[in-house]
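FYI, side chains are in, hydrogens and waters are out, and symmetry mates aren't considered; it's all heavy atoms of this structure. Values in this document were obtained by computation on a predicted structure and should not be read as measured data. Residue numbers start from 1 in every chain, and the chains themselves are labelled A, B, ... in the order their sequence lines are given, proteins ahead of strands.
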There are 2 protein chains.
Amino acid sequence: MRIGEIAKRSDCDVETVRFYEREGLLDVPAREANGYRRYSEMHLVQLNFIRHCRSLGMGLADVRTLRSFQANPELACDEINQLIDGQIARIHQQVESLRLLERQLHMLRDTCHANQKISECGIIRNLTQAAEGEGCSCHPFGKPN
Amino acid sequence: MRIGEIAKRSDCDVETVRFYEREGLLDVPAREANGYRRYSEMHLVQLNFIRHCRSLGMGLADVRTLRSFQANPELACDEINQLIDGQIARIHQQVESLRLLERQLHMLRDTCHANQKISECGIIRNLTQAAEGEGCSCHPFGKPN
DNA sequence: CTTGACCCTGTGGTAGATACAGGCTGTCAA
DNA sequence: TTGACAGCCTGTATCTACCACAGGGTCAAG
């Protein structure tokens, strides 16, 4: 199949397929006489594997690692477990900080309900006061990373 | 104060301060005779405001918008509410999809506990099978964005 | 007089794509 | 036959929000 078809069948962009090839994640395909890429079913499996890992939030470096593990089936799978555990920890961490963020935003939002002038807007006042180090009426803000 | 001090007092990097200036988020400071940037307390408030918004997960475009609102206190604050509401929706969305992701990763992790060979590893098998379109023993995987 | 901590500009890199520019190939209809 | 249009090619630039240099200037202390 050609690049347009494999892209459609794996639900991603044509440019993304070429990008994965450049990155060494997807095997280099054969070429037709006119220079067009010619993909096999194996490429489709590879591409779906990559997209699946990406949908689990893994970075391309992790995908590369998993693919090399696949290529060496005699190795022990401790490293795979570690990789997945690391991924779980990262995601958990992200969830926690985003939930905190969500609560902070709700509190901020509650400081302004009515349609009033900006000079009286609780949100702007809140954000500005925090910036002036005068504390904040709705919560103790965290520092950016 | 000089750039090193304002950076330290707003808990960010010197390069980041120059970056905000280039991006037009932080007012251009005066210069000393030797060319060094000279900041006032006003700049510190501006910088803290930016860092505070960033800590709430807002993008620099939103910060720019908020700063322009600050500069026009006679406007109604409907737009500010919309901006914050949009931010809340984005964060909520992110939390939800990450929580789903976390559950999926836990299920995936549960398919491999023992120290065994990769050829028998449930994780690799799971990821590969999903890629082959044979379904997945632990859950229905979502597609990447 | 040298060391070391600052500061300057400018450029390039990160992740994971996305979006062209500019050009070739292939197929269909008028 | 000609023209339109979709699809493919390479290569480069763009995006976010910075971080990390290189290569150089400035300044106070020892």
Side-chain angles (χ1 to χ4, degrees), chain A residues 1-26 28-39 43 47 49-67 86-87 90-91 94 97 101 143-145, chain B residues 1-26 28-39 43 46-67 86-87 90-91 94 97 101 143-145:
Chain A
M1 77 199 90
R2 304 227 268 230
I3 198 167
E5 191 185 338
I6 201 174
K8 186 179 275 181
R9 285 176 63 183
S10 58
D11 194 33
C12 72
D13 203 282
V14 164
E15 317 267 8
T16 305
V17 178
R18 285 195 278 253
F19 169 72
Y20 289 150
E21 181 187 328
R22 271 201 308 282
E23 294 295 306
L25 282 159
L26 189 60
V28 174
R31 295 280 183 152
E32 298 175 14
N34 55 17
Y36 288 13
R37 290 172 179 81
R38 169 69 59 196
Y39 295 97
H43 288 103
L47 188 47
F49 181 82
I50 297 166
R51 297 304 283 171
H52 182 193
C53 292
R54 291 284 305 122
S55 81
L56 290 171
M58 295 178 208
L60 295 186
D62 282 350
V63 180
R64 233 183 300 266
T65 305
L66 283 175
R67 285 220 48 200
Q87 181 64 9
R90 267 201 301 280
I91 300 294
Q94 278 180 42
S97 66
L101 185 50
K143 289 283 179 187
N145 303 323
Chain B
M1 79 200 90
R2 304 225 267 230
I3 198 168
E5 190 184 340
I6 201 175
K8 185 180 277 182
R9 284 177 63 182
S10 58
D11 193 33
C12 73
D13 202 283
V14 164
E15 317 268 7
T16 304
V17 178
R18 285 196 278 251
F19 169 73
Y20 289 151
E21 180 186 330
R22 271 202 308 283
E23 293 296 303
L25 282 159
L26 188 60
V28 174
R31 296 280 182 154
E32 298 176 14
N34 55 16
Y36 289 13
R37 288 171 180 81
R38 170 68 59 195
Y39 294 97
H43 288 103
Q46 283 180 12
L47 188 47
N48 280 332
F49 181 82
I50 298 167
R51 298 301 284 170
H52 183 191
C53 291
R54 292 284 305 121
S55 81
L56 291 171
M58 294 178 209
L60 295 185
D62 281 351
V63 181
R64 233 183 300 265
T65 306
L66 282 176
R67 285 221 46 201
Q87 180 66 8
R90 265 202 302 280
I91 299 293
Q94 278 180 40
S97 66
L101 185 50
K143 288 285 179 187
N145 304 324

If we ignore hydrogens and angles and just use 3.5 Å, is the side chain of A:Arg51 paired with the main-chain N or O of A:Ser55 as donor and acceptor? no
Examine distances only and state if a side-chain atom of B:Thr16 and a backbone atom of B:Cys12 form a donor-acceptor pair shorter than 3.5 Å. no
Could you check how far CG of B:Asp13 sits from C1' of C:dT14, rounded to whole Å? 15 Å
Spacing between A:Glu32 atom CD and C:dT25 atom P, to the nearest angstrom: 13 Å
Please name all residues satisfying ring-ring contact (aromatic ring centres under 6.0 Å, His included) with A:Tyr20, sequence neighbours left out, ordered by chain then number. none
Going 5' to 3' through nucleotides 5-12 of chain D and flagging B where a protein heavy-atom sits under 4.0 Å of the base, S where only the sugar-phosphate is that close, and - otherwise, we get --BSSB--
Just to verify, what does B:Glu15 make a salt bridge (charged side-chain N to carboxylate O under 4.0 Å, His left out) with, not counting sequence neighbours? B:Arg18
In whole angstrom, what separates B:Leu60's CG from D:dT14's C1'? 16 Å
side-chain N/O B:Tyr20 vs D:dA17 OP1/OP2, d < 4.0 Å: no
In chain order, what residues pass the side-chain contact (heavy atoms from CB on, under 4.5 Å) check against B:Arg90, with sequence neighbours excluded? B:Asp62, B:Gln87
For the helix from C:dC1-D:dG30 to C:dA30-D:dT1, what angle separates the axis at the start from the axis at the finish, each from five pairs, in steps of 10°? 30°
Give the rounded distance in Å between these two atoms: CZ of B:Phe19 and C1' of C:dT14. 13 Å
Atom CE of A:Met58 to atom C1' of C:dA17: distance rounded to whole Å? 19 Å
Mind checking what makes side-chain contact (heavy atoms from CB on, under 4.5 Å) contact with B:Glu5, not counting sequence neighbours? B:Met1, B:Arg9
Going by side-chain contact (heavy atoms from CB on, under 4.5 Å), name the residues that satisfy it together with B:Phe19, two or more places apart in sequence or in a different chain. B:Arg22, B:Glu23, B:Leu60
Can you sort out the partners of A:Arg64 under side-chain hydrogen bond (donor to acceptor under 3.5 Å, both in side chains), two or more places apart, ordered by chain and number? none
B:Leu47 atom CG is separated from D:dC18 atom C1', nearest whole Å, by 14 Å
Donor-acceptor list for residues 28-39 of chain A side chains, cut-off 3.5 Å, not counting sequence neighbours:
unit_1, atom_1, unit_2, atom_2, d
A:Arg31, NH1, A:Gly35, O, 2.8
A:Glu32, OE1, A:Arg2, NH1, 2.9
A:Glu32, OE2, A:Arg2, NH1, 3.4
A:Glu32, OE2, A:Arg38, NE, 3.2
A:Glu32, OE2, A:Arg38, NH2, 2.3
A:Asn34, OD1, A:Tyr36, N, 3.0
A:Arg37, NE, A:Glu21, OE1, 2.8

Quick one: is A:Thr16 getting a side-chain N or O under 4.0 Å of the C:dG16 phosphate, OP1 or OP2? no
